[in-house]
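All remarks here apply to the structure that follows.
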Amino acid sequence: MGDETVTVVDGRRQTAGTVTEETEDRARQGLLRRIRTPRRPRFWFEILLIAVSYWTYSLIRNAVPEQKAAALNNADWLWRVEQHMGIAVEDSVNHAANSATWLIVGMNYYYATLHFVVTLGVLVWLYRSHPGRYAATRLALFATTAVALLGYYFFPLAPPRLMDGGDFVDTVMVHHTWGSMASGDLKHMSNQYAAMPSMHIGWSLWCGLTIFALATVPWVRVLGLLYPAGTLLVIVATANHFWLDAVGGTVCLTVGFAVVSLWYGAMPYALPRTWHRSLTPVTVGGGGYVP
């Protein structure tokens with residue numbers, strides 16, 4: 001028999017194999033801790049990551065087969081569900097907003113632009129003012145968007161303005177406003193039947209909660225809450241979504257925050273505001289972070 005090396009640690013006899021296994025475990029835990037620890041965001045990496053991620057999202061979203069028959073059937077079914085729930089008033093909101101040209105034209109441009117402008121603005125603000133929370137909050141947004149792709153694939157849904165026999169006004173077509181990738185000359189560049197879930201709601205709610213949680217000026221925090229509320233009104237008034245599409249977007253955001261909580265052991269807003277080289281988790285898997 002060969003000799004066996006025995007080491008005594010804290011009064012316990014350990015063989016060389018046991019010591020090796022424990023060393024490997026500590027190395028794995030250390031690697032996991034380093035991966036999960038918030039780090040200083042790198043500007044050009046973040047620009048590239050956001051650009052590639054959005055390009056990939058758009059590619060996958062538009063690559064989902066446009067299942068027109070299924071999407072229209074799902075729209076009819078969802079409309080009946082809302083009628084049964086007593087919330088099927090999207091057509092009334094759509095016609096009321098469309099009766100005021102200045103209002104609906106403004107909503108069309110709101111729908112086409114703020115979805116991107118505000119989201120990018122919040123990301124830049126986080127990067128500059130809350131670098132310690134940036135990566136975790138960005139992960140919540142990315143995870144939310146990734147989950148939405150499952151909805152587009154498994155539940156194709158026509159927006160109200162494309163329903164057969166629906167009494168909805170396609171406000172972009174009627175008022176000839178630009179910007180919608182789902183109407184007019186640009187409609188062939190976007191999946192027409194990816195209305196569920198609404199990422200206008202998922203992203204705007206992410207923006208609103210982030211602003212409300214982290215802003216220090218009271219009126220800015222109020223604006224943060226008003227933004228997703230205004231977006232909800234706009235997506236319905238322009239006949240681009242049902243109320244329940246907004247619920248789907250909210251569910252996706254909930255999953256996004258759950259992913260962050262599981263990965264970092266804390267909600268993104270609970271992490272330290274600034275990055276520290278010595279930032280380490282209190283415990284692996286939970287407990288938050290301390291400098």
Side-chain angles (χ1 to χ4, degrees), residues 54 57-58 61-62 66 68 71-72 75 78-79 82 87-125 145 148 152 157-208 211 219-220 222-250 253:
Y54 183 73
Y57 161 75
S58 299
R61 181 180 186 272
N62 296 333
E66 289 196 355
K68 181 176 180 179
L72 291 172
L78 195 67
W79 186 236
E82 290 196 353
I87 61 174
V89 295
E90 289 93 331
D91 53 350
S92 299
V93 175
N94 173 233
H95 284 275
N98 190 62
S99 65
T101 301
W102 65 269
L103 177 62
I104 197 60
V105 167
M107 286 183 168
N108 285 342
Y109 288 127
Y110 180 117
Y111 184 88
T113 60
L114 293 192
H115 179 53
F116 304 102
V117 172
V118 176
T119 304
L120 287 174
V122 172
L123 283 169
V124 171
W125 172 61
T145 307
Y152 302 149
L157 182 70
R161 58 185 174 74
L162 293 182
M163 287 180 64
D164 287 337
D167 188 31
F168 291 92
V169 178
D170 188 334
T171 59
V172 170
M173 291 289 290
V174 169
H175 297 281
H176 306 290
T177 50
W178 60 267
S180 174
M181 294 292 288
S183 296
D185 295 335
L186 298 177
K187 65 182 179 181
H188 299 297
M189 297 176 61
S190 178
N191 187 348
Q192 295 286 285
Y193 305 109
M196 171 65 85
S198 169
M199 278 300 92
H200 271 74
I201 291 300
W203 288 14
S204 67
L205 193 55
W206 174 87
C207 291
I211 293 170
W219 66 266
V220 174
V222 172
L223 283 180
L225 296 180
L226 291 177
Y227 175 54
T231 301
L232 176 61
L233 178 61
V234 165
I235 67 172
V236 171
T238 56
N240 280 293
H241 288 283
F242 297 97
W243 296 121
L244 290 180
D245 296 345
V247 175
T250 304
L253 181 64

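How far OG1 of Thr113 is from OH of Tyr111: 12.0 Å, rounded to the nearest 0.5 Å. Note that CG of Leu123 and SG of Cys207 are 7.5 Å apart. Values are rounded to the nearest 0.5 Å. Taking CE from Met107 and CG from Asn240, the interatomic distance works out to 12.0 Å, rounded to the nearest 0.5 Å. Expressed to the nearest 0.5 Å, how far CG of Leu232 lies from CG of Leu205 amounts to 10.0 Å.
The two atoms that bring Ala237 and Asn94 nearest to each other are O-ND2, 2.7 Å, heavy atoms only. Across Ile201 and Ile235, no two heavy atoms sit closer than the pair CG1-CD1, 3.5 Å. Between Ala158 and Ala75, the shortest heavy-atom distance links the atoms O-CB, 3.6 Å. Smallest separation of non-hydrogen atoms from Val236 and Glu90: CG1-CG, 3.6 Å. Of all heavy-atom pairs between Ser99 and Ala96, the closest is OG-O, 2.5 Å. In plain terms, the two heavy atoms of Pro197 and Gly249 that are nearest each other are CB-N, 3.4 Å.
No side-chain donor-acceptor contact under 3.5 Å links Trp243 to the backbone of Glu82. Panel note: side chain His241, backbone Ala195; a donor-acceptor pair is recorded below 3.5 Å. Put simply, the side chain of His175 never gets that close to the backbone of Thr101: no donor and acceptor are under 3.5 Å apart.
Two residues are said to be in side-chain contact when any heavy atoms from C-beta on lie closer than 4.5 Å; Thr238 and Tyr110 fail this criterion. Contact annotation: the side chain of Trp203 never approaches that of Thr231 to less than 4.5 Å [non-hydrogen atoms, C-beta and beyond]. Contact check for Leu157 versus Phe242: side-chain heavy atoms found under the 4.5 Å cut-off. Residues Asp91 and Trp79 meet the side-chain proximity criterion, which asks for heavy atoms closer than 4.5 Å. The shortest side-chain heavy-atom distance between Asp167 and His95 falls under the 4.5 Å cut-off. When side chains are defined from C-beta on, Leu78 counts as touching Asp245, because their heavy atoms get closer than 4.5 Å. Tyr227 has its side chain out of reach of Ile211: every pair of non-hydrogen atoms, C-beta onward, lies at least 4.5 Å apart. Between Tyr152 and Met199, the closest side-chain pair of non-hydrogen atoms falls below 4.5 Å.
Judged by distance alone, the side chains of Thr171 and Asn98 never bring a donor and an acceptor atom under 3.5 Å apart.
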Run the numbers on Thr250 and Leu253 for side-chain contact (heavy atoms from CB on, under 4.5 Å), then give the verdict.
CA-CA 5 Å; Thr250 304; Leu253 181 64; 5.6 Å; no

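Legend: residues meeting side chain to side chain contact (heavy atoms under 4.5 Å, CB included) with Leu225, ordered by chain and number and at least two apart, are Phe212.
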